[in-house]
**Student:** 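Please read through the structure below; I'll follow up with questions.
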Amino acid sequence: MLTLGIETSCDETGIALYDSEAGLLAHEVYSQIALHQEYGGVVPELASRDHIQKTIPLITNVLLSAGKSLRQVQGIAYTAGPGLVGALLVGATIGRTLGWALNIPTIAVHHMEGHLLAPMLEVNKPAFPFVALLVSGGHTMLVKVEGVGAYTLLGESIDDAAGEAFDKTAKLLGLGYPGGAALAKLAEQGVAERYHFPRPMVNRPGLDFSFSGLKTFAMNTVLTAGDDPQTLADIAYAFQEAVVDTLVIKCKRALEQTQINRLVIAGGVSANHRLRHQLTALMKTLQGQVYYPRHEWCTDNGAMIAYAGSLRLQAGQRDDLSIKPRPRWDMTELVAL
Ligand code: KG4
Ligand code: ZN
């Protein structure tokens, strides 16, 4: 089955073609970072307008590079949520309308399910069950995954997501938007042990996270220590260590609690080298395995949406004719396949 995937939940237009036999045929991502940079964050109205301009040309490009015509597409998967309502509406309307015009089934995909299943696009993919750490700009979740759609939420952030904490701290260190990757780069110049940030909520039982205090801690450190380049790098280092350490501690706890020794990390922050390194070390001591998608499938993309949608379409799931973006959507409501 040839599935077209459309991702427009935030500030990336992602389009992909996934074939259930041959795998991923083509994918393209257009990032709006430059558009939002001068505002220091995503401007929802600008995001929607840009998705309107980019989605159809990108679909044409992806079809061309895969050597396929629109008539050969057998199903359409689009991100229906969670995300910015106007941005979601663009992908959902284009996806649903194309489905109607071509008389082929469509499926509304949950953005975080897309992230969660992205490592399954790799040759070395995890078997079920596994524990997934989903770390993006909007979410931080630990999920027990027993199959596609069989998700138990083990813990989540009660305030800022990990990526959001990276972005906010990056902003106050004078790095651009989104600053997660830039902060990680700056941290490479940092001196260890100069500053020590707290590890929020690790001394309490449970698997929830809280990251909003870390940006305040970073701000207070800048206010007292100054903002010379080395100090900023040392703060970036200490901040990253605190986030990574906290995530590692909670992953270990989740694996112990579920008695599972396979860990998946996905979402934008899973591109972070320090996090990957520390989780790889953890899984070595636990004699387990860690899985993560390649870099381009960590951040938002159409491939993960085409893949997740393809699995659901092949299982016979279909949308009705209505177009229903869901800015808030609990992943545990999804139907298991
Ligand atoms: O999954 P994603 O592309 O979008 C959402 O669904 O939110 O994640 C974007 C987030 C941003 O907060 C970005 O700063 C963060 O992922 N990110 C990183 C790195 N690369 C991207 N955070 C830390 N280290 C990185 N290398
Ligand atoms: Zn995402």
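Every number for a ligand or one of its atoms is a count from 1 in the order of the listing. If you're wondering where the values come from, they're calculated on a predicted model, not measured in any experiment.
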**Student:** What are the polar N/O contacts of ligand 1 with the protein below 3.5 Å, with distances?
**Tutor:**
residue  : atom   : partner : partner atom : Å
ligand 1 : 1 (O)  : H115    : NE2          : 3.0
ligand 1 : 1 (O)  : G268    : N            : 3.0
ligand 1 : 1 (O)  : D300    : OD1          : 3.2
ligand 1 : 3 (O)  : D300    : N            : 3.0
ligand 1 : 3 (O)  : D300    : OD1          : 3.3
ligand 1 : 4 (O)  : D300    : OD1          : 3.2
ligand 1 : 4 (O)  : D300    : OD2          : 3.3
ligand 1 : 6 (O)  : H111    : NE2          : 3.1
ligand 1 : 6 (O)  : D300    : OD1          : 3.3
ligand 1 : 7 (O)  : G137    : N            : 2.8
ligand 1 : 7 (O)  : G138    : N            : 3.3
ligand 1 : 8 (O)  : G137    : N            : 3.4
ligand 1 : 12 (O) : G163    : O            : 3.2
ligand 1 : 12 (O) : D167    : OD1          : 3.4
ligand 1 : 12 (O) : D167    : OD2          : 2.7
ligand 1 : 14 (O) : D167    : OD1          : 2.5
ligand 1 : 14 (O) : G180    : N            : 3.1
ligand 1 : 24 (N) : N272    : ND2          : 3.0

**Student:** So that I know where these two stand, are F239 and Y237 an aromatic pair - ring centroids less than 6.0 Å apart?
**Tutor:**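 No, they do not, as the ring centres are separated by 6.0 Å or more.
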
**Student:** With a 4.5 Å heavy-atom cut-off, do L116 and F130 have their side chains touching?
**Tutor:**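 A side-chain contact exists here, since the closest heavy-atom pair is under 4.5 Å.
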
**Student:** Can you name the side chain to side chain donor-acceptor pair (under 3.5 Å) partners of D228, sequence neighbours left out?
**Tutor:**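 By the side chain to side chain donor-acceptor pair (under 3.5 Å) rule, D228 matches T231.
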
**Student:** Given T13, which partner from the list E28, Q53, E7, H51 fulfils the side chain to side chain donor-acceptor pair (under 3.5 Å) test?
**Tutor:**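 Among E28, Q53, E7, H51, the one that satisfies the side chain to side chain donor-acceptor pair (under 3.5 Å) with T13 is H51.
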
**Student:** Applying side-chain contact (heavy atoms from CB on, under 4.5 Å), run through E296 and N301 and close with a yes or a no.
**Tutor:** CA-CA 8 Å; E296 60 190 322; N301 64 85; over 6 Å; no

**Student:** Do side-chain atoms of R253 reach the backbone of V202 as a donor and acceptor pair under 3.5 angstrom?
**Tutor:**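 Present.
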
**Student:** Could you check Y30 against N61 for side-chain hydrogen bond (donor to acceptor under 3.5 Å, both in side chains), going step by step and ending with a plain yes or no?
**Tutor:** CA-CA 12 Å; Y30 175 82; N61 282 358; over 6 Å; no

**Student:** Holding to side chain to side chain donor-acceptor pair (under 3.5 Å), I want the full list of residues that pass it with Q317, two or more places apart in sequence or in another chain.
**Tutor:**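 Checked Q317 against side chain to side chain donor-acceptor pair (under 3.5 Å); matches are R312.
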
**Student:** By residue and atom, what protein N/O/S atoms are less than 2.8 Å from the Zn ion (ligand 2)?
**Tutor:**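 As for protein N, O or S atoms lying under 2.8 Å from the Zn ion (ligand 2), they are H111 NE2, H115 NE2, D300 OD1.
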
**Student:** Parallel, tilted or perpendicular: which fits the ring planes of H111 and H115, with parallel below 30° and perpendicular above 60°?
**Tutor:**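 Rings of H111 and H115: perpendicular, as their planes differ by over 60°.
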
